[in-house]
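Note on naming: letters A, B, ... go to the chains in the order of the sequence lines (proteins, then strands), and numbering restarts at 1 for each one.
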Amino acid sequence: MSSMKCTTTLVSCAIFQTKIGWCAVVATGKAVLRIVIGFSEREQLLKQILKEFGSAIEKKPARMSITGEMKQYFSGKEVFLNCAMDWSSLSPFQQKVYKAAMKVPYGTVDTYGNLARRIGCPKGARAVGGALAKNPFPLVVPCHRIVRGDGSLGGFSARGGSVLKKKLLRLERVNRRFKG
DNA sequence: AACCCGCCCAACT
DNA sequence: AGTTGGGCGGGTT
């Protein structure tokens, strides 16, 4: 259990509905702590956030530019999603993986194995998958663009699973069809 | 240190 | 399409 940032820093939360379900951005004044996507029920999303951040959550929603960019993204526009993120609790390996994943362009896919090779860990495909499974910043760190080397889709740990992964790739007009 | 697990992969059957 | 053993990072005893 990693120690969470439960100091007196106020943590705000924006919740909004999209075509792929209820989403949320949790942030301090300085950086985004967590992005949550794909909940069909607002109530469940709230529950999840409360579980992760407890009562540190500020009730009133903050306006954050990333939420606007996400809405653009869901409308089908090709946007490069980026924001200030708090990576302080991430392992060096996770940071390397996420940095590499962010270089995979909109509308394209790459494989876990390639990503592993790119960060100098040629046999670490599975470890890369493990790191992406813990991705606190879905969409901004586009782990949905990473698929398996055998031509199948691969997993997706966010709410909605691989069904959502496929939806996101279709939204980005990735035309490839996946085995499975 | 040892043990498990996972968004994997290549090489099989 | 399904199985197997290897490989790697991380978390848990």
Check: [Y] main-chain N/O paired with [X] side-chain donor or acceptor under 3.5 Å:
| X | Y | answer |
| --- | --- | --- |
| A:S162 | A:F156 | no |
| A:K165 | A:G155 | yes |
| A:K179 | A:D150 | yes |
| A:R173 | A:G76 | yes |
| A:Y98 | A:A131 | yes |

Near DNA chain C, counting only heavy atoms under 4.0 Å, which residues of residues 126-139 of chain A show up? A:R126, A:A127, A:K134

In numerical order, the residues of residues 92-116 of chain A whose heavy atoms come under 4.0 Å of DNA chain C are A:F93, A:Q94

Interatomic distance, [X] [atom1] vs [N] [atom2] [rounded to whole Å]:
| X | N | atom1 | atom2 | result |
| --- | --- | --- | --- | --- |
| A:I119 | C:dC8 | CD1 | C1' | 10 Å |
| A:K123 | B:dG6 | NZ | C1' | 19 Å |
| A:R117 | C:dG7 | CZ | C1' | 14 Å |

What residues from residues 163-180 of chain A pass a heavy-atom cutoff of under 4.0 Å to DNA chain B? A:K165

Within residues 150-162 of chain A, residues whose heavy atoms come under 4.0 Å of DNA chain B: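 Going residue by residue through residues 150-162 of chain A, the ones with a heavy atom under 4.0 Å of DNA chain B turn out to be A:G155, A:F156, A:S157.
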
Within the supplied structure, the quantity of interest is the number of heavy atoms (other residues, nucleotides, ligands) at a distance under 6.0 Å from A:R170 CZ; does it exceed 12?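 Counting other residues, nucleotides and ligands, CZ of A:R170 stays at 12 neighbours or fewer.
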
Is it true that, when you exclude A:E41 itself, more than 12 heavy atoms of the residues, nucleotides or ligands shown sit nearer than 6.0 Å to its CD? no

Which heavy-atom pair separates [X] from [Y] by the least distance, and what is that distance?
| X | Y | answer |
| --- | --- | --- |
| A:A31 | A:D86 | CB-N, 3.7 Å |
| A:M102 | A:P142 | CA-CD, 3.8 Å |
| A:V79 | A:E69 | CG2-O, 3.9 Å |
| A:S157 | A:A133 | OG-O, 2.7 Å |
| A:A27 | A:V32 | CB-CA, 3.8 Å |
| A:Q95 | A:W87 | NE2-O, 3.3 Å |

What's the closest nucleotide to the A:A125 side chain, out of C:dG9, C:dG7, B:dC9?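 In terms of side-chain proximity for A:A125, the closest of C:dG9, C:dG7, B:dC9 is B:dC9.
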
What I want to find out is whether A:E172 reaches A:R145 closely enough, with some N-O distance under 4.0 Å, to be called a salt bridge. yes

Do the charged groups of A:K103 and A:D110 touch, with an N to O distance under 4.0 Å? no

Tabulated below should be each protein N or O lying under 3.5 Å from an N or O of nucleotides 1-4 of chain B; please produce it.
none

Each stem that DNA chain C is part of, given as range with range (3 or more consecutive Watson-Crick or G-U pairs, under 3.5 Å):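 Stems for DNA chain C, defined as runs of 3 or more consecutive pairs: B:1-6 with C:8-13, B:8-13 with C:1-6.
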
Do the side-chain N and O atoms of A:Q44 and A:Q48 include a donor-acceptor pair separated by under 3.5 angstrom? no

Are side-chain heavy atoms of A:I35 and A:M70 found at a separation under 4.5 Å? yes

If the test is side chain to side chain contact (heavy atoms under 4.5 Å, CB included), which one of A:V104, A:V97, A:V109, A:T111 qualifies with A:I146?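 One option only clears the test, and that one is A:V104.
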
